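Below is one structure, written out as structure tokens, with a few remarks after it.
Everything quoted here is computed from the prediction, not taken from an experiment. Scope of the values below: all heavy atoms of this structure, side chains included, with no hydrogens, waters or symmetry mates.
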Amino acid sequence: MLSACLTMVLILNLTCRQRIRSMFYHAYDSYLSNAFPYDELRPLTCDGQDTWGSFSLTLIDALDTLLVLGNRTEFQRVASLLQDTVDFDIDVNASVFETNIRVVGGLLSAHLLASRAGMELEPGWPCSGPLLRMAEDAARKLLPAFETPTGMPYGTVNLMNGVSPTETPVTCTAGVGTFILEFATLTRLTGDPVFENAARRALNALWSTRSDIGLVGNHIDIVTRKWVAQDAGIGAGVDSYFEYLVKGAILLQDKELLSMYHSKNYTRFDDWYLWVQMHKGTVTMPVFQSLEAFWPGLQSLLGDLDSAVRTFQNYYSVWRQFGGLPEFYSITQGYTVDKREGYPLRPELIESAMYLFRATGDHTYLQFGLDALESIEQIAKTPCGYASVKDLRDHQLDNRMESFFLAETIKYLYLLFDPTHFLHGAGMEGEGSWEEGGGSGQCVLGAGGFIFNTEAHPLDPAALHCCSLHNQEHQELQDILLSLTQPDGQSARPVSQTQDPPSQSESIALKPGEKKARPVLSCPVQPFSARLSVLGQVFSDLPEEG
């Protein structure tokens with residue numbers, strides 16, 4: 001009986017993966033035929049539009065999904081096409097947050113997966129490469145936004161001219177605290193500390209504004225540090241701030257980041273998470289937002305499976321009620337909130353299902369995945385792709401297919417039904433589950449433990465460690481050579497330039513001049529295994545969520 005059940009599951013997984021591939025190519029091919037080089041496909045009118053900056057955004061966002069689905073040939077073609085066609089030196093006002101997670105994150109992920117895709121690699125990869133240079137170029141266009149008195153960035157920047165003098169200083173918490181994954185990755189790969197320093201300074205400033213009960217609000221004035229919206233929660237405007245504290249802690253082996261996450265007073269009530277006043281803790285909005293559905297997955301990364309399972313079931317009950325997650329759902333009334341009835345094909349609950357299935361093996365999450373697959377096919381499919389659902393009550397559609405549908409929703413669905421995928425650290429023998437890299441070719445890469453950014457772009461912690469060592473050794477050699485040309489007693493470099501990029505154990509909470517001991521779990525001695533995070537074995541000496 002057990003063998004028969006296992007066989008049925010394997011057949012289900014294979015069938016679902018085939019259906020998900022068909023979904024992807026129906027949307028992807030339509031984008032190429034009708035919308036490229038615009039950012040997004042408009043699936044009701046079969047044309048395209050620019051939305052986030054005129055980057056051919058859907059193509060950048062979907063690039064690593066091509067490899068996840070096993071299409072190395074198209075990955076190679078698109079990677080070359082992007083190098084030839086995308087220019088970041090343009091007079092366009094772009095969202096700093098969205099450009100970072102979608103463009104910088106997408107290019108970094110594609111760069112780190114280039115070997116597995118069979119692309120020709122530069123000597124020294126993953127510490128160099130054309131996609132890495134594109135990611136660095138895009139990120140440099142964002143740096144002027146961080147040039148503020150607090151270090152917290154403006155929400156919008158002109159890619160050619162910097163921040164407009166009329167730009168509002170008010171931005172959301174997620175817009176301040178969602179950079180450490182991409183920017184630290186850039187610093188560790190390139191050796192340039194400017195990116196990680198900017199992300200950490202912004203996090204420090206945000207951390208310093210928390211209330212006496214440990215909560216952060218929704219929108220803040222990045223010049224005055226004054227909270228403009230004092231609602232605290234885990235949903236829109238805040239969500240990825242908490243996500244990056246946890247994932248940044250795992251990626252960088254930084255216990256202080258995780259301490260910042262654990263320091264907050266939770267807003268949980270009966271396994272729902274409500275919005276509360278950040279100073280008083282009193283409930284301001286008893287609503288569930290679809291963006292909050294990432295939370296059970298984050299809980300599972302920390303090993304808090306009991307809470308994760310209960311919270312997921314609450315969110316799944318809403319999905320079953322409507323065939324999707326409305327943007328806002330009134331917990332007290334048990335129904336959608338006026339003018340927030342839409343479902344733009346968001347990935348968050350599917351993401352949580354993927355993590356929870358990996359952690360528990362419970363087939364409930366496969367059943368949800370099948371429900372999600374059926375719902376999207378029946379409700380959102382059009383002749384030209386998949387359309388956002390304008391109203392879940394009557395299934396009206398909206399003329400938009402956001403790039404995250406191909407970057408996240410499809411990817412997480414596929415990975416849910418592929419438990420032996422290399423991104424889970426479970427590549428089968430003979431499939432090339434790990435690779436060599438670095439200047440000496442002695443770094444073990446891609447062996448597991450990939451960390452997904454908030455746009456589902458996987459980052460390899462081993463690559464960061466490999467390039468950090470490479471850059472450190474290169475700098476030490478350069479210092480030795482320079483010292484040989486200097487008179488005795490003179491430093492080879494000015495004092496202001498002698499600081500190395502932040503080490504993997506560097507804290508963002510240390511006082512100036514304070515040193516921190518090497519953490520117990522450090523990359524040089526710790527294997528990069530997905531099991532470390534899924535089973536909650538990372539930082540197990542810290543308190544669990546309460």
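- A pairwise comparison of heavy atoms in H457 and I60 identifies CE1-O, 4.5 Å as the closest pair.
- For the pair V68/L423, a side-chain contact is recorded, criterion being any heavy-atom separation below 4.5 Å from C-beta on.
- Judged purely by distance below 3.5 Å, without hydrogens or angles, the side chains of E182 and N453 pair a donor atom with an acceptor atom.
- Between the side chain of D391 and the backbone N or O of Q396, no donor-acceptor pair lies under 3.5 Å.
- Of the possible polar contacts, none joining the T336 side chain to the E341 backbone as a donor-acceptor pair under 3.5 Å is found.
- T284 and Q277 are not linked by any side-chain donor-acceptor pair at a separation below 3.5 angstrom, with hydrogens and angles left out of the test.
- Considering NE2 of H395 and CD of Q378, their distance stands at 9.0 Å, rounded to 0.5 Å.
- You'll find the side chain of T282 stays beyond 4.5 Å of the side chain of V276, heavy atoms only.
- Side-chain contact of Y329 with Q289: a donor-acceptor pair under 3.5 Å is absent, judged by distance alone.
- For the pair R21 and Y25, the cation does not sit on the ring face, since its NZ or CZ is not both under 6.0 Å from the ring centre and inside 45° of the axis.
- For the atom pair OG (S290) and CZ (F322), the distance works out to 12.0 Å, reported to the nearest 0.5 Å.
- Of the N and O atoms on the side chains of E40 and T58, not one donor lies less than 3.5 Å from an acceptor on the other residue.
- In this structure a side-chain-to-backbone donor-acceptor pair under 3.5 Å is present from S208 to A205.
- Listed for the S317 side chain is a donor-acceptor partner under 3.5 Å among the backbone atoms of N314.
- For D270, the CG atom counts as loosely surrounded, since its 6.0 Å shell holds 12 or fewer non-hydrogen atoms of other residues, nucleotides or ligands.
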Next on the checklist: Walk me through whether T382 and L44 qualify under side-chain contact (heavy atoms from CB on, under 4.5 Å).
Outcome noted: CA-CA 7 Å; T382 75; L44 300 185; 3.8 Å; yes

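- Considering every non-hydrogen atom in both L181 and T185, the closest pair reads O-OG1, 2.7 Å.
- Annotation: cation-pi geometry satisfied between R210 and W207 (NZ/CZ under 6.0 angstrom from ring centroid, within 45° of ring axis).
- By the neighbour-count criterion of 12 heavy atoms within 6.0 Å, atom OH of Y38 is sparsely surrounded, having that number or fewer from other residues, nucleotides or ligands.
- Closest heavy-atom contact between P419 and H424: O-CD2, 3.6 Å.
- Between the side chain of N218 and the main chain of G237, no donor-acceptor pair closer than 3.5 Å is present.
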Checklist entry - Between T45 and N399, is a side-chain hydrogen bond (donor to acceptor under 3.5 Å, both in side chains) present by the stated rule, with each step listed? => result CA-CA 7 Å; T45 52; N399 194 20; 2.9 Å; yes

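- Between F417 and R17, the closest heavy-atom pair is O-NH1, 2.6 Å.
- The closest side-chain heavy-atom distance from L258 to L302 is below 4.5 Å.
- Atom CG of L189 is separated from atom CZ of F195 by 11.0 Å, given to the nearest 0.5 angstrom.
- Remark: L406 CG to Y28 OH distance equals 9.0 Å, nearest 0.5 Å.
- The pair E351-K247 meets the salt-bridge criterion, with a side-chain N (NZ, NE, NH1 or NH2) lying under 4.0 Å from an Asp/Glu carboxylate O.
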Next on the checklist: Quick one, Y414 with F24, criterion ring pair (Phe, Tyr, Trp, His ring centres under 6.0 Å). Give me CA distance, side-chain angles, the key distance, then yes/no.
Outcome noted: CA-CA 10 Å; Y414 189 85; F24 174 85; 9.5 Å; no

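- With a 4.5 Å cut-off on side-chain heavy atoms, P153 and F146 count as touching.
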Checklist entry - Is there a ring pair (Phe, Tyr, Trp, His ring centres under 6.0 Å) between Y412 and F452 once you walk through the steps? => result CA-CA 10 Å; Y412 283 134; F452 292 92; 5.6 Å; yes

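- Between the side chains of S300 and R358, no donor-acceptor pair is found at a separation under 3.5 Å.
- If you run side chain to side chain contact (heavy atoms under 4.5 Å, CB included) between Y343 and each of D398, I379, I376, only I376 comes through.
- In this structure, F328 has its ring center at least 6.0 angstrom away from the ring center of F288.
- For Y355 and F294, the ring centers are positioned 6.0 Å apart or more.
- K390 has its side chain out of reach of L397: every pair of non-hydrogen atoms, C-beta onward, lies at least 4.5 Å apart.
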Checklist entry - Yes or no on salt bridge (charged side-chain N to carboxylate O under 4.0 Å, His left out) for D64 and K411, after CA distance, side-chain angles and deciding distance? => result CA-CA 9 Å; D64 56 16; K411 185 184 295 160; 2.6 Å; yes

Checklist entry - Between H219 and T171, is a side-chain contact (heavy atoms from CB on, under 4.5 Å) present by the stated rule, with each step listed? => result CA-CA 5 Å; H219 279 73; T171 192; 5.7 Å; no

Checklist entry - Can L349 and F368 be said to form a side-chain contact (heavy atoms from CB on, under 4.5 Å), step by step? => result CA-CA 9 Å; L349 194 59; F368 163 72; 3.6 Å; yes

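- Contact of the I222 side chain with the T148 side chain is registered, since non-hydrogen atoms from C-beta on lie closer than 4.5 Å.
- No side-chain donor-acceptor contact under 3.5 Å links S330 to the backbone of Y335.
- Put simply, the side chain of W227 gets close to the backbone of T209: a donor and an acceptor are under 3.5 Å apart.
- Ion pairing between a basic and an acidic side chain is recognised when a charged N comes within 4.0 Å of a carboxylate O; R346 and E327 show such pairing.
- At distances below 3.5 Å, at least one donor-acceptor pair connects side-chain atoms of D39 with backbone N or O atoms of W52.
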Checklist entry - Would I350 and T409 count as a side-chain contact (heavy atoms from CB on, under 4.5 Å) if you check the C-alpha gap in whole Å, the side-chain angles of each, and the deciding distance to 0.1 Å? => result CA-CA 7 Å; I350 301 168; T409 307; 3.7 Å; yes

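- Between E408 and R102, none of the side-chain N atoms (NZ, or NE/NH1/NH2) sits under 4.0 Å from a carboxylate O, so this pair counts as no salt bridge.
- Expressed to the nearest 0.5 Å, how far CG of L464 lies from CD of E196 amounts to 8.5 Å.
- Considering all non-hydrogen atoms of both residues, Y365 and A353 come closest at CB-O, 3.7 Å.
- In this structure, CG on L416 lies 7.0 Å from CZ on F357, to the nearest 0.5 angstrom.
- Between W295 and F242, the ring planes are perpendicular. Angles over 60° get that label, and only those under 30° would be called parallel.
- Between P144 and Y154, the closest side-chain pair of non-hydrogen atoms is not below 4.5 Å.
- No donor-acceptor pair closer than 3.5 Å links the side chain of E292 to the backbone N or O of E348.
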Next on the checklist: Using salt bridge (charged side-chain N to carboxylate O under 4.0 Å, His left out), reason through D254 and R200 one step at a time and then give a plain yes or no.
Outcome noted: CA-CA 12 Å; D254 189 322; R200 287 184 180 275; 3.1 Å; yes

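- Annotation for T150 and V223: closest pair CG2-O, 3.6 Å, computed over non-hydrogen atoms.
- Side-chain contact between Y241 and V216 is present, with heavy atoms from C-beta onward closer than 4.5 Å.
- Not a single donor-acceptor pair under 3.5 Å links the side chain of S95 to the backbone N or O of T99.
- Judged purely by distance below 3.5 Å, without hydrogens or angles, the side chains of S240 and T178 pair a donor atom with an acceptor atom.
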